[in-house]
Amino acid sequence: EAGVAQSPRYKIIEKRQSVAFWCNPISGHATLYWYQQILGQGPKLLIQFQNNGVVDDSQLPKDRFSAERLKGVDSTLKIQPAKLEDSAVYLCASSLGQGYVSGGYTFGSGTRLTVV
Amino acid sequence: GENVEQHPSTLSVQEGESAVIKCTYSDSASNYFPWYKQELGKRPQLIIDIRSNVGEKKDQRIAVTLNKTAKHFSLHITETQPEDSAVYFCAASKISGGYNKLIFGAGTRLAVHP
């Protein structure tokens, strides 16, 4: 099966600029997650979608981060304006989302964001 | 809130030795515990997982044990090889109604020396 697709792979922006990341999950996966992985740390959940609805966005800095999954498939994550501490790898993951998860999440390759 | 602690942060072993990584979790309702391996610059990849109704699971050189009472679980890698060198993350979640929010540990950098 095709994996989780993410783009771009790398992005360098200046602080206060805006940036957007795109994710296409595995076909048929109802649940989509965005994680932030700061260098040397474990991934931290930013937002979780079930189809096109938000399940959990409790750790999303809503003053600057936004995400959408309008048609229940692709998703975009936006940061506006970016801060230096937003430098991280942004990982998208998907899962079937039905009862017990078989095989856990499948992660995309991530987008490495550097804010200068 | 939910928290997963992982130890050690770095681990160095000689090829052929065993490696053990330990994690503790705070939410007693957690029922799913996967382990991910992340090589430099690559995505985390699931290597083994265990559910709360099982105490131990093994897959070739990798095994995971779970102690629900103590709220800790461990990854055991036997006969380590240089290609096992990577960062390993444990995670815990409470699967309910199809929702699965993984809380990750901080990671263990494993170095296997030939």
Side-chain angles (χ1 to χ4, degrees), chain A residues 2-7 9-10 23 25-26 28-51 53-60 72 88-112 114, chain B residues 1-10 21 23-25 27 30-54 57 59 62 64 73 75 86-109:
Chain A
V4 176
Q6 286 189 250
S7 67
R9 283 300 308 274
Y10 306 93
C23 172
I26 292 174
H29 279 197
T31 310
L32 184 147
Y33 314 81
W34 283 102
Y35 277 80
Q36 180 193 56
Q37 187 176 21
I38 293 173
L39 187 64
Q41 298 181 20
K44 184 186 84 172
L45 180 69
L46 292 175
I47 189 166
Q48 175 181 348
F49 291 94
Q50 181 76 5
N51 296 309
V54 175
V55 172
D56 186 337
D57 63 357
S58 57
Q59 297 197 79
L60 187 74
V89 175
Y90 290 85
L91 293 162
C92 179
S94 69
S95 66
L96 282 168
Q98 296 173 3
Y100 256 47
V101 174
S102 173
Y105 292 2
T106 300
F107 282 96
S109 297
T111 296
R112 183 178 296 277
T114 303
Chain B
E2 305 136 321
N3 187 46
V4 175
E5 295 198 0
Q6 184 171 348
H7 301 279
S9 57
T10 59
I21 303 170
C23 290
T24 59
Y25 59 97
D27 187 352
S30 296
N31 56 14
Y32 176 66
F33 308 91
W35 286 87
Y36 284 82
K37 175 182 180 182
Q38 188 173 33
E39 296 176 55
L40 189 62
K42 296 189 176 180
R43 73 189 77 187
Q45 293 203 306
L46 179 72
I47 56 172
I48 195 167
D49 57 12
I50 192 168
R51 297 183 174 124
S52 58
N53 58 347
V54 176
K57 184 176 178 180
D59 182 3
I62 294 173
V64 59
F73 55 114
L75 177 72
V87 178
Y88 290 81
F89 293 98
C90 63
S93 76
K94 179 177 63 183
I95 299 176
S96 175
Y99 303 141
N100 177 21
K101 173 183 173 180
L102 284 177
I103 306 298
F104 284 85
T108 296
R109 183 174 299 280

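Computed from a predicted structure; not experimentally measured. Residue numbering restarts at 1 for every chain, and letters A, B, ... go by the order of the sequence lines. Values below: every heavy atom of this structure, side chains too, minus hydrogens, waters and symmetry copies.
In this structure, chain A has heavy atoms under 4.5 Å from both the backbone and the side chain of Pro44(B). For chain B, the nearby part of Val4(A) is the backbone; its heavy atoms alone come within less than 4.5 Å.
Of the residues listed (Val55(A), Thr31(A), Asp56(A)), the one engaging Lys101(B) in a side-chain contact (heavy atoms from CB on, under 4.5 Å) is Asp56(A), and it is the only one.
The shortest heavy-atom contact between Arg43(B) and Gly108(A) is CB-O, 3.1 Å.
Partners of Lys57(B) by salt bridge (charged side-chain N to carboxylate O under 4.0 Å, His left out), not counting sequence neighbours, listed by chain and number: Asp49(B).
Taking CG of Leu45(A) as the reference point, atom CD1 of Ile103(B) lies at 6.5 Å (rounded to 0.5 Å).
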Scan the side chains in residues 34-43 of chain A for donor-acceptor partners under 3.5 Å anywhere in the protein, sequence neighbours excluded, and list what turns up.
residue	atom	partner	partner atom	Å
Trp34(A)	NE1	Ser75(A)	OG	2.9
Tyr35(A)	OH	Tyr105(A)	OH	3.1
Tyr35(A)	OH	Leu102(B)	N	3.3
Tyr35(A)	OH	Leu102(B)	O	2.9
Gln36(A)	NE2	Tyr90(A)	OH	3.0
Gln37(A)	OE1	Gln38(B)	NE2	3.1
Gln37(A)	NE2	Gln41(A)	O	3.1
Gln37(A)	NE2	Gln38(B)	OE1	2.9

